[in-house]
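It should be emphasised that the depicted structure is a prediction, and the values quoted were computed from it without experimental measurement.
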Amino acid sequence: MPRPSTTSNRGSPCTGCASSTTAMPRRQGAVAVADAAGVRGGSADAGASGGSAAGAGPAADPPAGAGEPVTATDGSARERPALPYRFDRTAEAAAIQARYADLAPGDETGDVVSVAGRVMLLRDQGKLAFAQLRDSSGAVQLFALASLTEDFDAFSRLSLGDWVGATGVVVRTRRGELSVKVSHWVLLAEARRAFGDKWRGVTDVETRFRQREVDLWANERSREVLLLRSRAISWLRRSLEDRGFVEVETPMLHPLPGGATARPFVTHHNALDTDLYLRIAPELYLKRMVVGGFERVFEIGRVFRNEGLSPRHNPEFTMLELYQAYADLTDLFVLVEELVSGLAVDLCGSTTLSYGGRILELAPPWRRATLAELVREHSGLDVSLDTPEGELRRLVAETGVDPQPGWGPGKLLLELYEKHAEPALWGPIFVTDFPVEVSPLARRHRDDPRLTERFEAILAGRELANAFTELTDPDDQRRRFEAQAAAKSAGDDEAMPVDEEYLRALEHGLPPTAGLGIGIDRLVMLLADVANIREVIAFPTLRPDR
RNA sequence: GCGCCUCUAGCUCAAUGGCAGAGCAACGGACUCUUAAUCCGCAGGUUCCGGGUUCGAAUCCCGGGGGGCGCACCA
């Protein structure tokens, strides 16, 4: 905010700040300044204590010829400037804005900084020029004067989008804009293509996702969302490591697709002359790590499912899976609550999120309800696994779904849940007690062998996490696989094949283990309050252009 | 995969059956404190592609392509 000019500190270098800063170790976000006397003006060849090692001009390499036009050697008639190989930046925009927030309009510091970034706006005023320079931290104005700035004419002809490095003293203009008063500058890269309207940016959805680099520069919100994603993943990783989990990497190329019910991508290995599948889940390999003695493991990685695209589905997406030995489902209720609410507090400052204009309260504890309870609650139908199968079949048919011959009571009950209850859920809520028939990798419920110890966490109306006490009995696992294989040969192309390698691993002994999967993309969508999964993926899948 | 909507200058958008336009960007010029600077000038088009109807098509019809949304599938 500009404030009335005062003369009290006009022209006086901020020595206190300067000395404390120069004593700091060089790190991102710090403002390293040089004494103005050493660098200002055209004769600043030596004595730039905190700036360029080379001394001459903007701290660019090679120093000679920086910014000088040369004729291109590629046969084109156009002149191209010689572009430097590196640039010594001493300050980022945000750090400058923070440090000199109290500088009065019209005041000049004696502090020399070198900044670098992209020219977002340029106002050529004849003998003066103003440019808005943006770097990854923020923006700061460059103030160029014909009487001071080296190669002023070229500066005033910069294109929007050009990358430049600039060196000069920090000032606040008479109109109140904090600026670097440019003595030297260097073109770091040309923007040969314009990137969007300077006021409206780029809004065309197709352009935004096909040329994401343009979107990221033009739209601050796009950068924020991807930054939030990065922070969320980093937080989760740290959080799990703090709890004793070890991050591992398991294969993405699978001889058999497993660990989920989904259609896989198929690829081919030439030397082995064998088809391989891009993984649909890391689950089976992670449990084999537990068999091998890794008692707490997790993996954050890409999985691939060959299914339709939608605002909530991308063919490749990021999954967090973790497995904890000696634990069961009861441990995971708490873990999911703590991870998700902790993440919200850390990144969004509160357990209360707004998603799509609706409130989502993440403070634990979350409601827990069984699948059958929820069907009864939302449909008014008095059903359970005790309901005669014919009756269940009839009720499913009434929802408009055609019950398949192979569907047993469990699958029929799940259908009723998906039609009557799930669309009405907002959450957070843990839906528990999924039937064995639809949970081929989960351990049977200790109170009812027709059910499993499994939950899905629903947040903002979407399945965000899926967890269960793991099935450890190799004989039961074989029977479940065989039931899946039967479904597959009956036409269910998402059903799992029998995985003999996995069965052999179970025969070596999987301790009691709890396992959890969280869809990272959807979690970030919640935190960022965006409706389309493409917003949280840097380069979402699109149909190839032409 | 199906349904609905959409595609015009580099960007953002007008023109609804009658001469394809504006703002910004680009290009040339003026300007010593600008804030989407302002002002003067100058250029810029396979109206997504192909066919049809019509005296005349960006506009209406058919087919194709890209994108969006919904459904289906799924996380």
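No hydrogens or angles were tested; on distance alone, a donor-acceptor pair under 3.5 Å links the side chain of A:Asp197 to the base of B:rG23.
Figure legend: A:Arg393 and A:Trp407 shown without cation-pi pairing, the cationic atom not lying both under 6.0 angstrom from the six-membered ring centre and within 45 degrees of its axis. Because its NZ or CZ atom is both nearer than 6.0 Å to the ring centre of A:Phe333 and within 45° of the ring axis, A:Arg368 counts as a cation-pi partner of that residue. Geometric assessment of A:Arg454 against the ring of A:Phe434 yields a positive cation-pi assignment under the 6.0 Å and 45° thresholds.
At a cut-off of 3.5 Å, with distance as the only test, a side-chain donor of A:Thr318 or A:Arg229 sits close to an acceptor on the other residue.
Distances were taken from every side-chain heavy atom of A:Val205 (C-beta onward) to each of B:rA72, B:rG67, B:rC69; the shortest belongs to B:rG67. When the nucleotides B:rC33, B:rG67, B:rA72 are ranked by their closest atom to the side chain of A:Leu128, B:rC33 comes out on top. Out of B:rA75, B:rG67, B:rC73, the shortest distance to the side chain of A:Arg263 is found at B:rC73. Proximity note for A:Lys127 (side chain, C-beta onward) versus B:rU32, B:rU12, B:rA36: the nearest is B:rU32. Candidate nucleotides B:rA25, B:rG67, B:rC31 were compared by shortest atom distance to the side chain of A:Gln125, and B:rC31 ranks first. Which of B:rG65, B:rA75, B:rC73 sits closest to the side chain of A:Arg543 comes down to B:rG65. Candidate nucleotides B:rU12, B:rA72, B:rC69 were compared by shortest atom distance to the side chain of A:Val202, and B:rU12 ranks first.
The side chain to side chain contact (heavy atoms under 4.5 Å, CB included) test with A:Thr250 is passed by exactly one of A:Glu283, A:Arg279, A:Glu321: A:Arg279. A:Trp366 pairs in a ring-ring contact (aromatic ring centres under 6.0 Å, His included) with only one of the listed residues (A:Phe455, A:Trp426, A:Phe430), which is A:Phe430.
Other residues, nucleotides and ligands contribute over 12 non-hydrogen atoms within 6.0 Å of the CD atom of A:Glu213.
For A:Glu206 and B:rC48, the CD to C1' distance is 10 Å, given to the nearest whole Å. Here B:rC73 presents its C1' atom at 16 Å from CG of A:Asp402, a figure rounded to the nearest Å. Computed from coordinates, the A:Phe152 CZ to B:rC31 P distance equals 11 Å when rounded to whole Å. In this structure, A:Ile280 atom CD1 and B:rC73 atom P are separated by 18 Å, rounded to whole Å. The nearest whole Å value for the distance from the CZ atom in A:Arg193 to the P atom in B:rA26 is 16 Å. Atom CZ in A:Arg157 sits about 12 Å away from atom P in B:rA30, given to the nearest Å. Summarising the geometry, the separation between CG on A:Leu122 and P on B:rC31 is reported as 16 Å, rounded to the nearest angstrom. Residue A:Glu190 contributes atom CD, which lies 20 Å from atom P of B:rG10 at whole-angstrom precision.
In this structure, A:Asp124 reaches the bases: a heavy-atom distance under 4.0 Å links it to at least one base atom across the strands shown. Among the protein residues, A:Leu121 comes within range of the sugar-phosphate backbone only, with heavy atoms under 4.0 Å from sugar or phosphate atoms but none that close to a base. Nucleic acid contact class of A:Glu463 (heavy atoms, under 4.0 Å, all strands): sugar-phosphate only. As judged by a 4.0 angstrom heavy-atom cut-off over every strand, A:Thr203 is placed among residues touching the sugar-phosphate backbone only. A:Gly201 comes within 4.0 angstrom of sugar-phosphate atoms only, judged by non-hydrogen atoms across all strands, and of no base. A:Asp204 comes within 4.0 angstrom of the backbone, heavy atoms only, and of no base. Within the 4.0 angstrom heavy-atom criterion, base atoms lie near A:Phe143. Heavy atoms of A:Gln132 sit nowhere under 4.0 angstrom from any nucleic acid atom. Counting any heavy atom pair closer than 4.0 Å across all strands shown, A:Asn314 reaches a base atom.
Contact annotation: A:Lys198 side-chain N/O to B:rG10 OP1/OP2 distance is not under 4.0 Å. OP1 and OP2 of B:rA75 both lie 4.0 Å or more from every side-chain N or O belonging to A:Thr318. At the phosphate of B:rA37, OP1 or OP2 sits under 4.0 Å from a side-chain N or O atom of A:Arg123.
A distance of about 31 Å separates the C1' atoms of B:rC19 and B:rG65, rounded to the whole Å. Nucleotides B:rC5 and B:rG50 are separated by 24 Å at their P atoms, to the nearest Å. Here the separation of B:rU53 from B:rG17, taken at their C1' atoms, is 12 Å to the nearest Å. As rounded to the nearest Å, B:rC71 and B:rA25 have P atoms that lie 42 Å from one another. Nucleotides B:rU6 and B:rA75 are separated by 34 Å at their P atoms, to the nearest Å. Rounded to whole Å, the C1' atom of B:rU8 lies 15 Å from the corresponding atom of B:rG23.
Lacking a ring centre under 5.5 Å from that of the base six-membered ring together with a plane angle below 30°, A:Phe130 does not count as stacked on B:rA37.
Comparing A:Thr173 and A:Gly519 against RNA chain B, the residue whose closest nucleotide sits nearer the 5' end is A:Thr173.
In this structure A:Glu463 satisfies the side chain to side chain contact (heavy atoms under 4.5 Å, CB included) test together with A:Glu456, A:Ile458, A:Asn466, sequence neighbours excluded.
As the counterpart of B:rC4, B:rG68 is assigned, both hydrogen-bonding distances of the Watson-Crick or G-U wobble pattern falling under 3.5 Å.
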